[in-house]
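I have placed the structure first, in the form of structure tokens, so that the comments after it can refer back to it.
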There are 2 protein chains.
Amino acid sequence: MSIKCVNCPIRKSPIFQAMDSETLEYMQRFKVGELVVEPGTPLMSEGSNAPQLYTALSGMGLRYKLLEDGRRQVISFVFPGDFLGLQSGVMREMTHSVEATTNMRLCVFDRSELFNMFRHMPGRGFDLTWLAATQERFLGEAMTSIGQKSATERIAWAMSRVFRHLQAMGEGKGKSVPMPYRQQDLADALGLSLVHTNKTLARMREKQLMSWSDGLLTVSDIEALEELGLVEDDGVASRPLM
Amino acid sequence: MSIKCVNCPIRKSPIFQAMDSETLEYMQRFKVGELVVEPGTPLMSEGSNAPQLYTALSGMGLRYKLLEDGRRQVISFVFPGDFLGLQSGVMREMTHSVEATTNMRLCVFDRSELFNMFRHMPGRGFDLTWLAATQERFLGEAMTSIGQKSATERIAWAMSRVFRHLQAMGEGKGKSVPMPYRQQDLADALGLSLVHTNKTLARMREKQLMSWSDGLLTVSDIEALEELGLVEDDGVASRPLM
DNA sequence: CTCCAGCTATGTCGTAGATTAATGCGGATA
DNA sequence: TATCCGCATTAATCTACGACATAGCTGGAG
């Protein structure tokens, strides 16, 4: 294995820190290999039941849903330490597609093996529920942003969430974190048009709220940005279970 | 008990039909009583960790999130057969609030007792994950509707989902199902203004696409409505586990 | 019976954001 | 070198939707 499990980025993720650490030990046993993919590679697609599950080791991607006519809703960004394919294990099919947007390295698991373990071991299985509930929590927050907030608020919300997460994951240096997406991706994540996203970004850059170019997101005053984005304080996601 | 568990509406729900039926038997043991509430009664609130969990026996309600300034995002409608409080069992706190909008009768469970069971029994615990994943699936769909669809499409989407679900639950008669909400509730669910929702509803009513008044939703051609709402065919939600 | 509160309904107007289109620019290809 | 391609940028125009205002309906409180 090219990465020692001890250094797996998953261990830095707030999501997994809240899980029983034994679960990670168990998961290791079901690792069947690693996978390296290029930007644009589809990892899973909506409606399919992929036999492989992944954790993201490095690089980034997108989860999204498509409408027949091509409109796209980006559900969330995929960062190192994320778990991919929960739904193809629990439901029969993926409810969204996943695609790499940079070079990615992934840790590969066999779906049925891994889920068999989760299904039959009480303590482990509960961590799966935690994962799903965490996703659910995020989606509710995103839905509220898209449904109720202005363009500026939405962008501030998204940027500060990304910034905080990647900082916590140790991905950034100083006041910058990597954010290797196109403006179109952000637009599709927030339910805005590309042009309007661009203009709003420009305005926010002028006002020194943040800057994002060349895949690098720089935020000087994260708290101001969070306030602008009406970000709720996150008392839950990183806290251990009951 | 005023309702026999055998007749619990939960048994009609597609969500629970996909669960291991043994789980329902187990849940019965943890029922601690029933609760009747009036419209407007808050059942759980965002950030709290309610000690009681519920299943809805009759009546309807709302899940929602509030922004500080009062804007409200309705996350989903609550119908008979729904399970309330999953998050306060899995995460430490509810990530949204729940409120009754009609008279409701609820089946009450003790949170820690019930979750203890789920945590320690492998097969049962997996059904919890199924529940959370189902919610996640729905939220992704809602997010896509709010983020990408027009007002008419959103309303068609919401109405056809409600209609199909309540039909399947046996709540309707003929081409009508109960939908006892205010237009404001629908507006907040879809990220639209009340006024625009009202006008769009009027236009759709004129075009005979559907009618909704006095808490009764009537749809003559559900398939046409679904097509208008770009509803994806639901191959997943009602299917049994692997 | 009136009063009031909550809801639906509709018209007018304003605007945030969508659409279209044109320009520029670095990177790849050859 | 030239050509192409994907993406960011910017400006001009349009429109779906929001904001505001008014009126009508219904049911409950006094």
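Naming: A, B, ... by sequence-line order, numbering from 1 per chain. Predicted model only: the values in this text are computed from it and were never measured.
In this structure, A:Gln148 places its CD atom 10 Å from P of D:dG18, rounding to the nearest Å. Distance A:Leu190 CG to C:dA18 C1': 15 Å, rounded to the nearest Å. We find that CG of A:Leu192 is positioned 10 Å from C1' of C:dA18, with the value rounded to whole Å.
Contacts of A:Gly191 with the nucleic acid, taken as non-hydrogen atoms under 4.0 Å apart, involve only primed sugar atoms and P, OP1 or OP2. At the heavy-atom level, B:Arg205 lies under 4.0 Å from the strands shown only through sugar-phosphate atoms. Among the atoms of the strands shown, none is found under 4.0 Å from any heavy atom of B:Gly215.
Side-chain proximity of B:Ser150 to the nucleotides D:dC17, D:dA8, C:dA9 is greatest for D:dC17. Here C:dG17 is the nucleotide among C:dT10, C:dG17, C:dT19 with the atom lying nearest to any side-chain atom of A:Arg154.
Using bins of under 30°, 30° to 60° and over 60° for the plane-to-plane angle, the ring pair A:Phe79/A:Tyr181 lands in the perpendicular bin.
Judged by distance alone, with hydrogens and angles left aside, B:Lys199 brings a side-chain donor or acceptor within reach of the base of C:dT12, the pair sitting under 3.5 Å.
At least one side-chain heavy atom of B:Met159 sits less than 4.5 Å from a side-chain heavy atom of B:Met179. Considering only heavy atoms from C-beta on, B:Met60 comes within 4.5 Å of B:Leu166 through its side chain.
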